[in-house]
Amino acid sequence: MYWEKEIETLPREKLDALQAERLKATLRQAARSPHYGRVFRETGFSPGDFNSLADVPKLPLTTKDDLRENWPYGFLAVPREELVRMHSSSGTTGRATVIFHTAGDLDAWTNLVARCMYMTGVRKADVFQNMMTYGLFTGGLGFHYGAERIGCLVIPAGAGNSKRQIQLMQDFETTVIHIIPSYALHLTGVFEELEVDPRKDTKVRIAFVGAEPHTEKTRKRIEEYYGWKAFNSYGLSEMNGPGVAFECTAQNGLHIWEDNFLVEILDPETLKPVPDGEEGELVMTTLRREGMPIVRYRTKDLTRILPGPCECGRTHRRIERLKGRTDDMMILKGVNIFPIQIEKKLLDIPGVGMNFLIVLERKGFNDEMIVKVEVAREFFDGDLLKLQKLQRRITDELKGDILITPKVELAEPGSLPKTEGKAVRVIDNRKD
Ligand code: ADP
Ligand code: ZN
């Protein structure tokens, strides 16, 4: 049974006390690593100086660059022979970073993933098809072991090979899947091509969608097209991978497992905590890691804590759907724009299809944004006026929101590039 009721509904004061106790132990453990040993020495901070959660702002922050500079073993807090697994980040924003786990770390991680899946209604009788990349990426093995722990029948399908995915779903009567949201949108075209109706011809009822930012609209599109319940799954390799924050059946924000992670939201400029409920950068500390504890990790992911209790009764706080990374922000003619804003607008417009791509170009002294959008097949029946009308509408709607006029190019369904992994939304050709 993976409804760990007592811990998931622990009253706030007890959760705080548990966090303080685990953080103290984490700091002692971290001090054994070359990196934190040095950082603590240099800053004159000793883990023994830590008394309560009020001391957290005094602790050093950790960045992806720290992990890169200490490649590969500089964060290890245990002898290497204690390690049993290595994973790495996807390398979305530069050189990938590596994370190591002891057997105890893997056990704790597996438990968290099982807890997340159970929370949405996954049970032993389910057939779980994991459509994520296996290997170094955490989304494959992370979910795999979580589902096995619940006792599901696991199909380790891996990413890509769309036709085979649909075949597996049908043959083995898959009930739960794990899929990247942009890939779920792309897959609609393959279902159509094969003339398979996901609602009638498959038994899938739950989908975990995550690993990349996506809007509520995208979730709705997935749910409406397939008839699945889609739950947002957030994680990052530095904090294990999947199983960090997850939606419950209320589908209103993602519970962060605060018995395993300390959560802060900081202003990314001043690095000071923002008032509760305000948006900022998510910063997290592992509270149970043995092999590679990480203190105050700057995720660069933007979100806010949702105020108030959740109707499901869990006391672990919720974060809002993620807006993207601070790195994703595009600056054009002095205007700050996130790809997610474009997605939000586009999916509201009837006729807009399942994929889009933003290309940034420098023309002389001017920056130009080209938005390539797939639109429904019916717009390519030769009626140019209809196509132009849609193009104008998309341009106007985007302009109204992002305040600059993009050049909009309409594309046929399935024609824009699609990767098996996280979607590449922006191609920036402005670099000199
Ligand atoms: P990388 O940081 O190189 O992409 P990871 O595989 O560790 O490598 O990916 C973690 C990152 O993926 C997170 O920091 C976040 O930016 C993004 N991410 C993961 N899940 C979600 C989600 N549900 N919503 C938005 N972004 C997500
Ligand atoms: Zn809840």
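Read the numbers this way: they start at 1 and go in the same order the structure lists the ligands and their atoms.
Counting only heavy atoms of the protein, atom 2 (O) of ligand 1 lies nearest to Lys64 NZ, 2.9 Å. In terms of protein heavy atoms, atom 20 (N) of ligand 1 is closest to Ala211 N, 3.1 Å. In terms of protein heavy-atom proximity, atom 24 (N) of ligand 1 is closest to Glu212 O, 3.3 Å. At the top of the distance list for atom 12 (O) of ligand 1, counting protein heavy atoms only, stands Lys422 NZ, 2.9 Å. The protein heavy-atom contact nearest to atom 3 (O) of ligand 1 is Gly91 N, 2.7 Å. For atom 4 (O) of ligand 1, the closest heavy atom belonging to the protein is Thr92 OG1, 2.5 Å.
In this structure, NE2 of His255 and SG of Cys312 enclose an angle of 100° at the Zn ion (ligand 2), rounded to 10°.
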> Between Thr102 and Glu290, is a side chain to side chain donor-acceptor pair (under 3.5 Å) present by the stated rule, with each step listed?
Replying inline: CA-CA 7 Å; Thr102 64; Glu290 301 166 344; 2.6 Å; yes
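Contacts of Asp301 with ligand 1, taken as heavy-atom pairs under 4.0 Å, involve the side chain alone. With a 4.0 Å cut-off on non-hydrogen atoms, Ser237 touches ligand 1 through its backbone as well as its side chain. Contacts with ligand 1 closer than 4.0 Å are made by side-chain heavy atoms of Leu322 only, the backbone lying farther away. Under 4.0 angstrom from ligand 1, there are no non-hydrogen atoms of Ala96. The proximity of Asn232 to ligand 1, defined as any non-hydrogen pair under 4.0 Å, is limited to the side chain.
Side-chain contact check for Leu23 versus Val56: some heavy-atom pair is nearer than 4.5 Å.
Between atom 10 (C) of ligand 1 and the options Pro242, Gly235, Ser90, the minimum heavy-atom separation is to Gly235.
For ligand 1, the polar-atom distance check finds no N/O of Thr138 at less than 3.5 Å from any of the ligand's N/O atoms. For a threshold of 3.5 Å applied to N or O pairs, the pair formed by Gly210 and ligand 1 contains no separation below that value. Of the N or O atoms in Thr93, none lie within a sub-3.5 Å distance of an N or O in ligand 1.
The pair Arg219-Glu247 meets the salt-bridge criterion, since a charged nitrogen lies less than 4.0 angstrom from a carboxylate oxygen.
Screening Glu212, Glu279, Glu216 against Arg321 for a salt bridge (charged side-chain N to carboxylate O under 4.0 Å, His left out) leaves a single residue, Glu216. Tested against Thr215, the residues Arg221, Lys344, Glu343, Lys345 include a single side-chain hydrogen bond (donor to acceptor under 3.5 Å, both in side chains) partner, Glu343. With His87 as reference, Thr138 is the one residue of Asn240, Thr138, Val98, Thr97 to meet the side chain to side chain contact (heavy atoms under 4.5 Å, CB included) rule.
Residue Arg321 places no heavy atom under 4.0 Å from ligand 1.
With hydrogens and angles left out, the side-chain atoms of Asp107 and Thr110 include no donor and acceptor closer than 3.5 Å. No side-chain N or O of Tyr226 forms a donor-acceptor pair with one of Thr188 less than 3.5 Å apart. Counting only N and O atoms by type, the side chains of Glu4 and Asn111 include a donor and acceptor under 3.5 Å apart.
A cation-pi arrangement is present between Arg123 and Tyr118, with the terminal nitrogen or guanidinium carbon under 6.0 Å from the aromatic centre and inside a 45° cone about the axis. Figure legend: cation-pi geometry between Arg95 and Trp71, with NZ or CZ positioned under 6.0 Å from the six-membered ring centre and within 45° of its axis.
Those atoms of ligand 1 that come under 4.0 Å of a heavy atom in Phe137, given as number and element, are 6 (O).
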